[in-house]
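Structure first, commentary second.
Chain A is the first sequence line, chain B the second, and so forth, proteins listed ahead of strands; every chain is numbered from 1.
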There are 2 protein chains.
Amino acid sequence: MATIEEVARAAGVSTATVSRALRQQPGVSERTRQRVRTVAEEMNYSISRSASGLATGRTRRVGVLVPFVSRWFFGQVLAGAEEVLRSAGYDLMLYVVGDEEGRERFFRELPLRRSVDAVLVLTLSLSTEESDRLRELDVPLGFVGGRMDGFNSVWIDDHGGGMLAVRHLLNQGHTDIAMIHGGAPDALNLPAPHERCTAFRDAMAEHEIPVRESWLGTGDFSVSGGRRAMNRILADELRPTAVFAMSDEMAFGAMHALRNHKIHVPGEIAIVGFDGHEMSECSGLSTVVQPVRQEGGTAAKLLLEQLEQGSTETRDVVLPTELVVRSSTTGDDSM
Amino acid sequence: MATIEEVARAAGVSTATVSRALRQQPGVSERTRQRVRTVAEEMNYSISRSASGLATGRTRRVGVLVPFVSRWFFGQVLAGAEEVLRSAGYDLMLYVVGDEEGRERFFRELPLRRSVDAVLVLTLSLSTEESDRLRELDVPLGFVGGRMDGFNSVWIDDHGGGMLAVRHLLNQGHTDIAMIHGGAPDALNLPAPHERCTAFRDAMAEHEIPVRESWLGTGDFSVSGGRRAMNRILADELRPTAVFAMSDEMAFGAMHALRNHKIHVPGEIAIVGFDGHEMSECSGLSTVVQPVRQEGGTAAKLLLEQLEQGSTETRDVVLPTELVVRSSTTGDDSM
DNA sequence: TTGAAAGCGCTAACAC
DNA sequence: GTGTTAGCGCTTTCAA
């Protein structure tokens, strides 16, 4: 593999000129730049990131932390971030810190120390120690899924979204509404789920409808958890006429449970989810759609801006949600 | 951030000794090693990968190519690979090469050139030019989803798995069987889908049952595609009594279509999928389960072995599949 | 068992 | 506009 020196020799210039020419830096005549570029291409030259990184102190790499990759939501956010980073010429180093063990090790060793220019945390709730540890890295930080001090933060209005969903049910005349939440404290310990819970209670309070505690179920943010939660709610002596699930996946699980019980949706029980999962359309699930890819993309952009400007100022962006009404809460094309 | 030299000075030894001590290399007394390690830890030292990479030519990074991240299957394979790589101390650089444009650019620029020790390609069909380009990198290569020359390859017996599925339907007495495949040529252009198609025809031939072409649908490997395919099949003048979907996601879509048509599963139409998607259990979908995470993990392990041994010999591993029978093909707990 | 020193391939300051 | 050169922070011979 050709080095910059070989290119320089072949082009009859110095390595400094090659470096300048290839990086579009000023101070090189157009003629020389062209020649260098041609020679470099012919020799199939590619820069050594290690050498360049060592010389400049910048790696052109961004570390991205996610709790999972195999769930639709995280995959989407990640995809959004990846696209932005890649087209800006940054590489993405992926760290999956789902399990406690890997997570502990990650924050202890910080494998990305000295090898990334910035860090992006995707919907992963950080303890104070963990976020401090990241701040110690002294690189721009980004966060998706809530507000974080010292991080460029991107989130959605979870409370507002939740209100949208619950009010929709209330407007349909429902008063007996159950809720399937993520867990207590939810598995991810993020502000988002909590906000959605609060929204439920607030919307109910708005209409002065008391919340029935036995209609609150824990769905663990998974399909099967949603199904179990629904079954538990159905075991109560009273049956709700509507359900607000805090994620679409839990809503899918709940719908399966209802189907097994031969309970008609929305006739007997209406259901609304949250996320805008790709399967929600097919399933006819009404849901609060959030711009998932965009959340990752925006966070990445904020990070890049900070990187370019070398500023330490972080920014916050709140992205919009939208209620999409489908057959699970209205109409009767049965589910 | 402390450098090796500062650590050396603080420990009263040379940088060479620090380097040896920290990398568990021989030729350092246990006493010195301990001291160095303590000092390094106290100073919160962490190696500069750039410098180390420049000196050794090895980066301890593996590039991973995927077509998508937001689909369950790819996420799982990726997660399996990530886990193995991380616990071996390798970082994972993620490249999503889904769209044509990004893909073209990726193979033209090869951003991972000189910055990874190995490359892992996850279920991404490569053209001859593309795989040649990767081989030029002259690093160990891995492939999941089929056999590839020059790549450590991991795949499943797609033909056998397909036979499992179709024979299961045949054994239930079905003769009028439809198939929903990925596309023609399928979107990913991988051997796997093709094998499953062939299996369908072979199993049918085994029982001397002719294949009805209007019962073959293209589902694009997506839920909505599966639904469309099912609708198209239902538009035929004859109606099948069973469906083999080449992926669980397409099967889910087909089940939705059937439900909308108020067609009972499995009473009127039975359905079997392929993958072992996490939602298949909840949906009561019979399916051919493949060990998804393990496919990624195994490929990563093969890569690491090659890396450690410095050998050029690649290996092939075929992983097993298993038919899991649920209510979509048997029993009557309605879907 | 340890240290001195020569690179690894690039960038950036400075000189021309 | 271009070249010279001193690092960047490691690893690895070679010598002691």
Side-chain angles (χ1 to χ4, degrees), chain A residues 1-37 39-40 43-61 89 91 111-117 138-139 310, chain B residues 1-37 39-40 43-61 89 91 111-117 138-139 310:
Chain A
M1 253 170 229
T3 70
I4 200 174
E5 200 175 326
E6 298 171 311
V7 174
R9 210 167 12 230
V13 295
S14 71
T15 60
T17 299
V18 174
S19 175
R20 283 190 284 250
L22 261 25
R23 285 181 306 147
Q24 327 272 35
Q25 285 208 343
V28 185
S29 74
E30 205 38 54
R31 218 174 141 286
T32 313
R33 192 187 299 279
Q34 271 312 332
R35 183 155 38 92
V36 168
R37 232 182 292 188
V39 171
M43 302 181 68
N44 198 16
Y45 168 77
S46 79
I47 194 175
S48 156
R49 296 258 187 158
S50 295
S52 166
L54 182 56
T56 58
R58 305 177 86 258
T59 62
R60 293 202 76 81
R61 257 174 251 132
D91 279 331
L112 39 60
R113 241 188 327 180
R114 306 251 236 144
S115 56
V116 295
D117 293 342
D138 203 32
V139 296
Chain B
M1 250 168 232
T3 70
I4 200 174
E5 198 174 327
E6 297 172 312
V7 174
R9 214 171 7 237
V13 294
S14 71
T15 59
T17 300
V18 173
S19 175
R20 284 189 283 249
L22 260 25
R23 284 179 309 144
Q24 326 273 34
Q25 286 209 342
V28 185
S29 75
E30 205 38 55
R31 217 174 141 286
T32 311
R33 191 186 301 277
Q34 270 313 330
R35 183 153 38 91
V36 169
R37 232 181 295 189
V39 171
M43 301 181 69
N44 199 16
Y45 168 76
S46 79
I47 194 176
S48 155
R49 297 256 188 160
S50 295
S52 166
L54 181 56
T56 58
R58 309 179 82 255
T59 61
R60 293 202 76 81
R61 257 175 250 130
D91 281 330
L112 41 56
R113 238 182 337 172
R114 307 251 238 145
S115 57
V116 296
D117 293 341
D138 203 32
V139 297

Distance, rounded to the nearest Å, where B:E6 contributes CD and D:dG9 contributes P: 8 Å
Side-chain donor/acceptor contact of A:R20 with base of D:dG3 under 3.5 Å: yes
Basic-acidic side-chain contact under 4.0 Å: B:E6, B:R9: no
Contact under 4.0 Å: A:S29 side-chain N or O vs D:dT2 OP1/OP2: yes
Touch class at under 4.0 angstrom, heavy-atom based, for B:R33 against every strand present: nothing
Gap between atoms CZ and C1', on B:R49 and C:dC10 respectively (whole Å): 20 Å
B:R61 side chain near A:R61 side chain, heavy-atom distance below 4.5 Å: yes
N/O (side chain, B:S19) to phosphate O (OP1/OP2, D:dT11) under 4.0 Å: yes
Side-chain N,O (B:S52) to OP1/OP2 (D:dT11) below 4.0 Å: yes
Between P of C:dC10 and CD1 of A:I47, the distance in whole Å: 6 Å
Residue-phosphate contact under 4.0 Å: A:T3 side-chain N/O, C:dG9 OP1/OP2: no
Sugar-phosphate only, base, or nothing, as touched by B:R58 at under 4.0 Å among non-hydrogen atoms: nothing
N/O (side chain, A:T17) to phosphate O (OP1/OP2, D:dT2) under 4.0 Å: no
Length of the line joining A:Q24:CD and C:dT11:P, which is rounded to integer Å: 13 Å
OG-CG distance between A:S46 and A:L22, expressed to the nearest 0.5 angstrom: 10.5 Å
Atom pair OG1/CG of A:T59 and A:D91 - distance to nearest 0.5 Å: 9.0 Å
Sugar-phosphate only, base, or nothing, as touched by B:S50 at under 4.0 Å among non-hydrogen atoms: nothing
Nearest-0.5 Å distance that lies between atom OG in B:S19 and atom CD in B:Q25: 6.5 Å
Nucleotide D:dG9, atom C1' - distance to CG of A:L54 in whole Å: 5 Å
Of B:A51 and B:P26, the one whose closest DNA chain C nucleotide lies more 5': B:P26
Phosphate contact (D:dT2 OP1 or OP2) by A:T32 side-chain N/O below 4.0 Å: yes
OP1 or OP2 of D:dT12 under 4.0 Å from side-chain N/O of B:R23: yes
Identified side-chain contact (heavy atoms from CB on, under 4.5 Å) partner of B:R31 from the options B:R33, B:R35, B:Q34: B:R35
Closest-nucleotide 5' rank along DNA chain C - winner of B:V13 and B:T56: B:V13
For atom CZ of A:R60 and atom P of C:dC10, their distance in whole Å: 16 Å
For atom CD of A:Q25 and atom P of C:dT11, their distance in whole Å: 8 Å
Between C1' of D:dT11 and CG of B:L22, the distance in whole Å: 13 Å
Selected nucleotide, minimal atom distance to B:A55 side chain, candidates C:dG9, C:dG3, C:dC8: C:dC8
